[in-house]
Amino acid sequence: MLRIVGDAISFDLGNEILGIAGVDGNGQRELAETIVGLRELPGGKIGLGDRDISALAARERFQLGLAHIPNDRKREGLIGSMGIAENLVLKQHAEPPFSRAGMMNWRRVRKSAAALVRQFDIRTTSLDTPISTLSGGNQQKVVLARELGAHANPGSSSP
């Protein structure tokens, strides 16, 4: 359960996907970035389950299951010159099973990426295809696969 309590906002969520909508510039981006740890919490608390995660970094929140789909996938969600497989492990590249003692396990990266490409129906001819050459829809699928698929079975060959 995600719980946010502060002067201006308060809500509880179960195992749900929270979408924040509104007219651009009305604070939804700032709220989302605060929830996932990309911005400092100006006051109040953010809880996940029975744990206060207000002071945790974005990476730690991601490891606990919080995902973030950025507004601008090209500027904030992907690295255009990198391949699909590399973009799919951006948030996990320094952790097992994808890395150990500073060395990437490219076999594991590619195995996981192939499973996510199948699961999310990402249209590509190669895991090495630069993200910038994919259609906008397939770029968005890569972001979704990284954010949502990572928590299902990281490094697994089956989605």
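Heads up: numbering here begins at 1 and tracks the sequence.
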Acceptor/donor pairs from residues 77-90 side chains to any protein atom, 3.5 angstrom cut, sequence neighbours excluded:
from, atom 1, to, atom 2, distance (Å)
Glu86, OE1, Gly83, N, 2.9
Asn87, OD1, Ile79, N, 2.9
Asn87, ND2, Ile79, O, 3.1
Asn87, ND2, Met82, O, 3.3
Asn87, ND2, Gly83, O, 3.1

(request) Sequence neighbours left out, what passes side chain to side chain contact (heavy atoms under 4.5 Å, CB included) with Ala114? Give chain and number order. (result) Arg118, Leu127

(request) Apply side chain to side chain donor-acceptor pair (under 3.5 Å) to Lys74 and list each qualifying residue two or more places apart in sequence or on a separate chain. (result) none

(message) Just verifying a value: how many Å separate Lys91 NZ and Arg146 CZ, rounded to the nearest 0.5 Å?
(response) 6.0 Å

(request) State, to 0.1 Å, how close Glu76 and Pro70 come at their nearest heavy-atom pair, and which atoms those are. (result) OE1-CB, 3.6 Å

(request) May I ask you to list the residues sharing a hydrophobic cluster with Val23, side-chain cutoff 4.5 Å, ordered by chain and number? (result) none

(request) Measure the NE2-CZ distance between His68 and Arg61 for me, rounded to the nearest 0.5 Å. (result) 12.0 Å

(message) Using the side chain to side chain contact (heavy atoms under 4.5 Å, CB included) criterion, which residues pair with Asp24? Sequence neighbours excluded.
(response) none

(message) Show me the pairs that pass salt bridge (Lys or Arg N to Asp or Glu O under 4.0 Å) and involve residues 124-138, at least two apart or across chains.
(response) Arg110-Asp128

(request) Starting at CD1 of Ile46, measure out to CG of Leu41 and round the result to the nearest 0.5 Å. (result) 4.5 Å

(message) Which residues pass the side chain to side chain donor-acceptor pair (under 3.5 Å) test with Ser135, not counting sequence neighbours?
(response) Asn138

(request) Under the side chain to side chain donor-acceptor pair (under 3.5 Å) rule, collect the residues that match up with Arg51, sequence neighbours excluded. (result) none

(request) Applying side chain to side chain contact (heavy atoms under 4.5 Å, CB included), name anything that partners Glu60, two or more places apart in sequence or on another chain. (result) Leu56, Ala57, Gln63

(message) Using the rule given for side-chain contact (heavy atoms from CB on, under 4.5 Å), can you reason through Gln28 versus Leu31, listing the C-alpha separation, both sets of side-chain angles and the distance that settles it, and then say yes or no?
(response) CA-CA 5 Å; Gln28 63 271 19; Leu31 174 60; 5.5 Å; no

(message) Suppose we screen for side chain to side chain donor-acceptor pair (under 3.5 Å). Which residues come up paired with Gln140, at least two apart in sequence or across chains?
(response) none

(request) Check Leu148 against Phe120 and note the closest heavy-atom contact, atom names and distance. (result) CB-CZ, 4.3 Å

(message) Give me the atom names and distance for the closest heavy-atom approach of Ile122 to Ala145.
(response) CD1-CB, 4.2 Å

(request) Go through the structure and list residues passing side chain to side chain contact (heavy atoms under 4.5 Å, CB included) with Asp52, not counting sequence neighbours. (result) Lys45, Ser54

(request) Please confirm whether the backbone N or O of Leu38 pairs with a side-chain atom of Glu33, one donor and one acceptor, at under 3.5 Å? (result) no

(message) Let me confirm one number: the CG-CD1 distance from Leu66 to Ile35, rounded to the nearest 0.5 Å.
(response) 8.5 Å

Report, one line per pair, each donor and acceptor closer than 3.5 Å where one atom sits in a side chain of residues 100-107; sequence neighbours left out.
from, atom 1, to, atom 2, distance (Å)
Asn105, OD1, Arg107, N, 3.4
Asn105, OD1, Arg108, N, 3.0

(request) To the nearest 0.5 angstrom, please state how far the CZ atom of Arg59 sits from the CD atom of Gln92. (result) 9.0 Å

